[in-house]
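Right, one structure below, let's go through it.
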Amino acid sequence: TLNTVRAKNILVEQYPDSAICLDKVGSTRWRLRTTLFNKLSLEAACSFYLANSDDVDISASPVLKSTVTVRVEKILANI
């Protein structure tokens with residue numbers, strides 16, 4: 001779920017085709033209807049989340065949460 005207008009605008013700017021997959025679920029919240037069907041799409045969603053994590057909720061996607069966890073663990077291991 002995109003919790004701010006800012007997050008929605010960034011998503012649509014980076015991925016213009018995503019606009020047709022957005023459902024408004026509140027005055028400033030949107031749900032993205034999509035399937036992350038391969039490693040490339042998961043990595044793109046992970047990168048978007050990490051850059052905008054304050055404004056995005058990924059709790060409904062266990063696969064994406066797992067991908068983010070692995071990426072964060074790699075980042076922390078390199079510090």
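Values below: every heavy atom of this structure, side chains too, minus hydrogens, waters and symmetry copies.
Residues V70 and I58 fall into different hydrophobic clusters, defined by Ile, Leu, Val, Met, Phe, Trp and Tyr side chains chained together at heavy-atom separations under 4.5 Å. Under the 4.5 Å side-chain heavy-atom criterion for grouping Ile, Leu, Val, Met, Phe, Trp and Tyr, V5 is connected to L22 within one hydrophobic cluster.
Applying the side chain to side chain donor-acceptor pair (under 3.5 Å) test to D17 and every residue at least two apart in sequence or in another chain returns nothing. For the salt bridge (Lys or Arg N to Asp or Glu O under 4.0 Å) test, no residue two or more places apart in sequence or in another chain qualifies with D54. For D57, the side-chain contact (heavy atoms from CB on, under 4.5 Å) criterion is met by T1, N3, S59, not counting sequence neighbours. Residues satisfying the side-chain contact (heavy atoms from CB on, under 4.5 Å) criterion with N52, sequence neighbours excluded, are R6, I10, F48, V56. With sequence neighbours left out, S27 forms a side chain to side chain donor-acceptor pair (under 3.5 Å) with no residue at all. L76 is linked by a side-chain contact (heavy atoms from CB on, under 4.5 Å) to V72, I79, counting only residues two or more places apart in sequence or in another chain. Contacts of N38 classified as side chain to side chain donor-acceptor pair (under 3.5 Å), with partners at least two apart in sequence or in another chain: S41.
In terms of heavy-atom proximity, A60 sits nearest to P62 at O-CD, 3.5 Å. Between R33 and I20, the closest heavy-atom pair is NH2-O, 3.1 Å.
A distance of 11.0 Å separates OH of Y15 from CG of L32, quoted to the nearest 0.5 Å. Rounding to the nearest 0.5 Å gives a distance of 7.0 Å between CG of N9 and CH2 of W30.
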Audit row: L2, L11, side chain to side chain contact (heavy atoms under 4.5 Å, CB included) steps and yes/no: CA-CA 9 Å; L2 305 171; L11 178 72; 3.7 Å; yes
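Here side-chain hydrogen bond (donor to acceptor under 3.5 Å, both in side chains) pairs that include residues 64-79, with residues two or more places apart or in two chains, are E43-R71, S47-R71.
At a threshold of 4.5 Å between non-hydrogen side-chain atoms, the residues V63 and L36 do not count as touching.
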